[in-house]
Amino acid sequence: MSITYVSTRDSSAKVSASQAVLKGLSDDGGLFVPTVIPKFEKSFDEFAKMDYRETAYEVMRLLLDDYTEDELKKCINAAYDEKFDIPEITRLKEADGAYYLELFHGDTIAFKDMALSILPHLMITAARKNNEPRDIVILTATSGDTGKAALSGFAGVDGTRIVVFYPKHGVSPIQEKQMVTQRGDNTRVVGILGNFDEAQTGVKKMFTDKELEKAASSKGFMFSSANSINIGRLVPQTVYYVYAYSRLVRDGVIKAGDPVNIDVPTGNFGNILAAYYAMNMGLPVNKLICASNENKVLFDFFKTGIYDRNREFVVTSSPSMDILISSNLERLIYHICGDNQEKNSALMKDLREKGKYEITDDMRKKLDIFYGNYCNEKETADAIRELRDRTGYVIDTHTAVAAGGYNKYRNETKDKTPTIIASTASPFKFTRSVMTAIKSSYDSMGDFELVDELSKLSGVKVPKAIEDIRNAVVLHDNVCESEKMEEEVRGFLELDK
């Protein structure tokens, strides 16, 4: 049975998997979702014998079913290669009663590498399959990690260009240095004088701007997205939850079929939505733990059934989660309202016009699989220091939000189900926040002094991604107001010449 994708706002807008990957966002502003979620065709005992690439093929072929076996395997092999610093691509680290899924062993030491290493290959393959002659222009907003991972994936790829917008004063120094030193004539990085939500809104606006689309097309360009709104980002993310579960089976921690909890630090809702999809494909899940930072819009949503972005935006030590509009939540809303695009569209209209919406009691009942909590800044720092003191294991600020959320869940429920915590970034990416959480006196040291000190403290070699930017030259110094984002794109593509 072939998998068809439809928009969350218009079910008549049906496309194939490759067309959904190529397009990124539906013309009506909706997100593409599969009309049916397929079930795994391999047992978990079989998955336990597979490596990461083999697992990726068996999971992804179900959702990207119009890619041939040869096409999909070429994409997988090109993505998951020596750019990852461990041969197994990702691994589990047991610490303090939980299993940390280290998703930061790629080029940019953050979990976005797991999907953005393969997205360019999926996209170029999709363009060929669909006889698309235009060059693909990736427009992406980032709260810190997507930007560099997307730049790294698309830099130098023939037939593509990429423009990344990030909040100029809303990312860590390491995150910014990684982006603004990016090489590649097909890359452009722009800092906006605003927050991530404003950057994301600006990108979405450009995707639905027919005049801009026409101007770009006349110059031989088509727009697409590398954000997690692209289904080509979401599908690869389901893989690592299956892989993590199968490692627990292989190692005898659980038996095939035993449930696990999955705990995810969450901002834009893509990473935890991938776990939800994996669960619906057959992954045995007891609870999906949604951990938020002080921008706790998701915590409040799971507690009250009201999504309300009308609140103060808080800049935290976990900047990739500093988000008030969780775009991927729309996919979940669509599913829990019975795959009904009219109901979903009405709620999204409320969000646009009123800044909030409320789901029905029947919809809330379908969220029982989720548990929401949050950590404030002190609790986040405490989680880093306490885990390091107890185990010697050092985690970053985002993973610390998840660790703190899990501790609250465990204390409230006494649940002893084995728990996988998504460790979404290396502590080296947020060195100052991590080190000052361990000891406040570290704050007097320079950024790269702290990198070396963290290496000594943790016993972990400084990642290549950090060494590469130590003395790298800034190549992108573009800054604009959020309302000037389209001008930056037009200038980069020379649309007005």
Side-chain angles (χ1 to χ4, degrees), residues 5-33 119-120 122-142 146-147 150-151 153-154 157-166 186-190 192 197-233 325 327-328 330-331 341 345 348-349 352 478 480-497:
Y5 285 80
V6 296
S7 167
T8 51
R9 302 183 191 180
D10 180 6
S11 62
S12 68
K14 295 180 179 179
V15 297
S16 68
S18 64
Q19 289 168 336
V21 169
L22 188 59
K23 201 165 182 58
L25 189 71
S26 178
D27 291 336
D28 53 47
L31 282 61
F32 287 114
V33 291
L119 182 61
L122 293 173
M123 201 167 272
I124 293 298
T125 301
R128 294 194 191 108
K129 289 176 73 68
N130 291 281
N131 301 310
E132 174 54 67
R134 294 171 294 177
D135 283 0
I136 300 165
V137 179
I138 302 298
L139 301 181
T140 287
T142 183
T146 287
L151 288 162
F154 282 91
V157 174
D158 289 341
T160 71
R161 298 196 190 188
I162 179 167
V163 186
V164 169
F165 295 96
Y166 74 97
N186 67 331
T187 67
R188 171 70 64 96
V189 180
V190 183
I192 73 154
D197 288 329
E198 291 168 312
Q200 182 167 248
T201 298
V203 166
K204 283 186 172 182
K205 184 180 178 182
M206 283 187 277
F207 274 119
T208 56
D209 186 330
K210 296 300 181 183
E211 186 178 327
L212 178 62
E213 180 186 25
K214 184 177 178 181
S217 186
S218 70
K219 293 283 190 176
F221 299 117
M222 68 164 288
F223 294 124
S224 192
S225 171
N227 281 83
S228 56
I229 55 177
N230 190 315
I231 199 71
R233 272 278 304 274
I325 304 175
S327 288
N328 262 289
E330 180 172 347
R331 285 187 167 109
Q341 71 276 6
S345 294
M348 294 307 113
K349 183 181 179 184
R352 284 194 308 275
N478 310 291
C480 74
E481 300 286 348
S482 58
E483 59 267 23
K484 300 290 187 181
M485 290 168 60
E486 182 178 322
E487 289 182 21
E488 289 287 335
V489 172
R490 285 181 172 272
F492 181 50
L493 300 180
E494 300 182 338
L495 299 186
D496 300 320
K497 286 191 177 181

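Judged purely by atom type and a 3.5 angstrom limit, Thr146 has no side-chain atom pairing as donor or acceptor with the backbone of Thr142. The backbone N or O of Ile325 sits less than 3.5 Å from a side-chain atom of Gln200, completing a donor-acceptor pair. For Thr125 (side chain) and Leu122 (main-chain N/O), no donor-acceptor pair under 3.5 Å exists by modelled atom type. Although no hydrogens or angles enter the test, the distance criterion places a donor-acceptor pair under 3.5 Å between the side chain of Arg233 and the main chain of Ala226. Asn130 contributes a side-chain N or O that, together with a main-chain N or O of Ala126, makes up a donor-acceptor pair within less than 3.5 Å. Between the side chain of Lys219 and the main chain of Lys497, a donor-acceptor pair closer than 3.5 Å is present.
Note that NZ of Lys129 and CD1 of Ile124 are 14.0 Å apart. Values are rounded to the nearest 0.5 Å. To the nearest 0.5 Å, the span separating CE on Met123 from CG on Asn230 amounts to 4.5 Å. Expressed to the nearest 0.5 Å, how far CD of Glu494 lies from CG of Asp496 amounts to 10.0 Å. The distance from the OG1 atom of Thr140 to the CZ atom of Phe165 is 9.5 Å, given to the nearest 0.5 Å. Between the CD1 atom in Ile192 and the CD atom in Glu483 there is a gap of 9.0 Å [rounded to 0.5 Å]. Atoms CD1 and OG, on Ile231 and Ser225 in that order, are 11.5 Å from each other to the nearest 0.5 Å.
The shortest distance between side-chain heavy atoms of Arg188 and Val489 does not fall below 4.5 Å. Counting heavy atoms from C-beta on, the side chains of Phe223 and Leu493 come closer than 4.5 Å.
The nearest pair of heavy atoms linking Ser224 to Leu22 is OG-O, 2.7 Å. Closest of all the heavy-atom pairs between Thr208 and Asp27 is CG2-O, 4.0 Å. In plain terms, the two heavy atoms of Phe154 and Thr160 that are nearest each other are O-OG1, 3.6 Å. Closest non-hydrogen pair, Leu25 versus Gly30, comes out as CD1-O, 3.2 Å. Here the closest non-hydrogen pair linking Ser327 and Ile229 is CB-CG2, 3.8 Å. The two residues Asp209 and Glu211 have their closest heavy-atom pair at OD1-N, 3.0 Å.
A side-chain donor from one of Asn328 and Arg331 sits under 3.5 Å from a side-chain acceptor of the other.
Other residues, nucleotides and ligands place no more than 12 heavy atoms under 6.0 Å from the NZ atom of Lys14. At most 12 heavy atoms of other shown residues, nucleotides or ligands fall within 6.0 angstrom of atom CG in Asp158.
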Would you be so kind as to tabulate the donor-acceptor pairs closer than 3.5 Å made by side chains of residues 131-138, with sequence neighbours excluded?
residue, atom, partner, partner atom, Å
Glu132, OE1, Arg134, NH2, 3.1
Glu132, OE2, Arg134, N, 2.9
Glu132, OE2, Arg134, NE, 2.8
Arg134, NH1, Ser217, OG, 3.2

Under the side-chain contact (heavy atoms from CB on, under 4.5 Å) criterion, do Phe221 and Leu495 qualify, and how do the steps go?
-> CA-CA 10 Å; Phe221 299 117; Leu495 299 186; 4.1 Å; yes
side-chain contact (heavy atoms from CB on, under 4.5 Å) evaluation trace for Met485 with Glu198 | CA-CA 10 Å; Met485 290 168 60; Glu198 291 168 312; over 6 Å; no
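In summary, Lys484 and Glu487 engage in a salt bridge, as defined by a charged side-chain N under 4.0 Å from a carboxylate O. Under the 4.0 Å criterion applied to side-chain N and carboxylate O atoms, Glu330 and Arg9 are assigned as salt-bridge partners.
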